[in-house]
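Here's the structure, in C-alpha cells; my notes come after.
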Number of protein chains: 2
Amino acid sequence: MELPPIDANAADSRQRLIQAAAEMFMKEGYRASIERIASCAGVARQTVYNHFSSKDDLFSEVANIAAGTILISLDGEEEEVRERLLRFALALRRRVLGEEGLAMFRAIAAEAPRFPALGRAFFVKGPEQTLSRLAAFLAQAMEEGKLRRDDPRFAAELLISMLEGFERLRRLFGADPSPEVQEEEQAARIVDSFLRAYRPSLEGSAHG
Amino acid sequence: MELPPIDANAADSRQRLIQAAAEMFMKEGYRASIERIASCAGVARQTVYNHFSSKDDLFSEVANIAAGTILISLDGEEEEVRERLLRFALALRRRVLGEEGLAMFRAIAAEAPRFPALGRAFFVKGPEQTLSRLAAFLAQAMEEGKLRRDDPRFAAELLISMLEGFERLRRLFGADPSPEVQEEEQAARIVDSFLRAYRPSLEGSAHG
DNA sequence: TATAGACTGGACCGTACAGTCCACACCCAA
DNA sequence: TTGGGTGTGGACTGTACGGTCCAGTCTATA
C-alpha cells in the first residue's frame, strides 16, 4: 500500500521476509499464504521467490532458524544445585510455554510428517540440545555427590518432562490459562519434587 | 470406483463417514479434503453434506468422538500400588504415544487456535479426565499411607508428564523411533522414580 | 404399486493459492 | 552516462478446494 520505495538496503528485505514469515507461520501455521507473508514484510510477492525457491523452502528456512533459539543456559557456577535448576526451570518454561514457543511447537509438529528432516532438525537443535546440557549438569552434580548417582540423561528427561508436560497440554489446547502469577512457585515445586527423587541416598538400599 | 451399491443400510454411511474422516484427519490433518474423505468412505461427496453442515462441523464431530477414547483405567483393586501404576503407565503410553494418539494430538493441537471450543473439549475429555482419575487413585493411596501425603493432582500431573513428556516430543518430531522393546522397562523406571519422590516420609522433615 | 428418503455422480460456481512472466523503477558502481 | 542487480506491481495459469444444485436411482414402507 503505502510502502516507501526508498533505500531499504538490498539484503535487508531478506531479513524482513524471514521475520515476517516466522510471525505468520507461527500465527497461522503452514496455512499462511505467500501473499500475506510478503505483504506483512512490506515486500512484493515476487521478491519472496527472489530469495526462496518455494514456499516449502521458506518454511524450512524459518523453522530451522527458529529452532536454534530454544537453548537454555545453566550457567552460574557459584550457586547451589537447587538454585541453578530453579533458574533453568523458569527460563525453560518461559521459553517453551510462552505464546511463541507454543505457536512454533504447533506449527512444526503439524508439519513434521510432511517434512521429516525438518522435524528431526528441530528436535535435535531444540529439545535434544537442552537435554544434553541439562544431563551434563546433572552428571557433574552426581559426580560431586550432590545428587543420587543414576543415568543423567534419563534424569534430565524426567525433569524436562515435568517442567513442560502437563502445562504444555493445557496451553496447547487452550484450557484455562493457568495463573501466570504462581509461575515461580510452580517451578519450585517441580524442581523440589525432582530433587526429592534424586536426593543422594541417605539409606543403603531400601528398594528391592 | 467399485463401490457396491448393495444394501449399506441407511444410517451406516454416517458411521463409515466418521470412520474415514477420523482416519484422514489423523493422516493429513485439516488438509484432508471432503472429496478424499468421501471417496475413502466409499460415499458421494453430497452425502457428506447430507450428514454434516460443513467441513468444520465434520471435523469437530470427529475430534469430539476421538477425544472420548483416551480414558485409561486404574482398576485392579487387589494389586499393590506399584503394580497398578505400572499397568496404568503402560496403557497410557501405548495409547498416547501410539501412531493414532500422536496423529490426533498433532491434528487437534494444530487447529486448536481456530477451534477454541474443540481444543478445550478435547483437553477436558482426555488429559483432564485421565488426570482426575489418577489423582483420585493417588489420593487414596496417600490416605492409606502408601504414598507421602501431598497434593494428589499435582502428583498426578508430574507422573503423567514424566510418562508422556519427552517421548512424545521425540515421536512427534520424528526423531529416532526409540526401541519399542524396552517399553515396559521405560515405564517401570519412570514409575519407580515417581515412587521415590512420593515414598512415605521415613524421616521427619529433612527439607526446609 | 405408489411414495418418501437416502445415495449417486457429475456439473457448476466462487475463491484462494502457488508459482511464472514481464514491463517498469530505482540505485549503485564502472 | 550506462548497465546490472534488486525490487515492484500486476497480469496470468493451473490447480485444489468448499459448497451447491440437480436429475436420476435404489430401497423400504405403506
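In what follows, chains are A, B, ... by sequence order, proteins preceding strands, each numbered from 1. Everything quoted here is computed from the prediction, not taken from an experiment.
Nucleotide D:dA28 holds its P atom 13 Å from the CG atom of B:Asp12, rounded to whole Å. Counting to the nearest Å, the P atom of C:dA18 and the CG atom of A:Asp56 are 10 Å from each other. A straight line from CZ of A:Arg16 to C1' of D:dT8 spans 13 Å, rounded to a whole angstrom. If you take CG of A:Leu58 and C1' of C:dG19, they are 14 Å apart, rounded to a whole angstrom. Computed from coordinates, the A:Gln46 CD to D:dT6 C1' distance equals 11 Å when rounded to whole Å. If you measure from atom OH of A:Tyr49 to atom P of C:dG19, you get 4 Å, rounded to the nearest angstrom. Rounded to whole angstrom, the span from the CD atom of A:Glu35 across to the P atom of C:dT15 amounts to 16 Å. Atom CD1 in A:Ile34 sits roughly 21 Å away from atom P in D:dT13 (whole-Å rounding).
A donor-acceptor pair shorter than 3.5 Å can be found between the side chains of A:Gln140 and A:Glu144. Checking B:Ser54 against B:Asp56 by side-chain atom types alone, no donor-acceptor pair falls below 3.5 Å.
OP1 and OP2 of C:dA6 both lie 4.0 Å or more from every side-chain N or O belonging to B:Asn50. Contact annotation: A:Thr47 side-chain N/O to D:dT8 OP1/OP2 distance is under 4.0 Å. Between A:Arg36 and C:dC17, a side-chain N or O to OP1/OP2 separation shorter than 4.0 Å is present. Listed pair A:His51 / D:dG7 meets the phosphate criterion, a side-chain N or O lying under 4.0 Å from OP1 or OP2. In this structure, A:Ser33 does not reach the C:dA16 phosphate: none of its side-chain N or O atoms is under 4.0 Å from OP1 or OP2.
No side-chain donor-acceptor contact under 3.5 Å links A:Arg199 to the backbone of A:Leu147. Listed for the A:Thr47 side chain is no donor-acceptor partner under 3.5 Å among the backbone atoms of A:Val43. Although no hydrogens or angles enter the test, the distance criterion places a donor-acceptor pair under 3.5 Å between the side chain of A:Arg148 and the main chain of A:Ala197.
Taken residue by residue, residues 25-32 of chain A places no heavy atom nearer than 4.0 Å to DNA chain C. Annotation: proximity of residues 107-119 of chain A to DNA chain C (heavy atom, distance under 4.0 Å) is found for no residue.
Aromatic ring orientation, A:Phe105 versus B:Phe173: perpendicular (interplanar angle above 60°, classes split at 30° and 60°). Ring geometry for A:Phe59 versus A:Phe115: interplanar angle of 30 to 60°, hence tilted.
In this structure, A:Tyr30 has its ring center at least 6.0 angstrom away from the ring center of B:Tyr30.
Counting heavy atoms from C-beta outward, A:Ser193 and B:Tyr198 have side chains that approach closer than 4.5 Å.
B:Arg45 contributes no side-chain N or O that forms a donor-acceptor pair with the base of C:dG9 under 3.5 Å.
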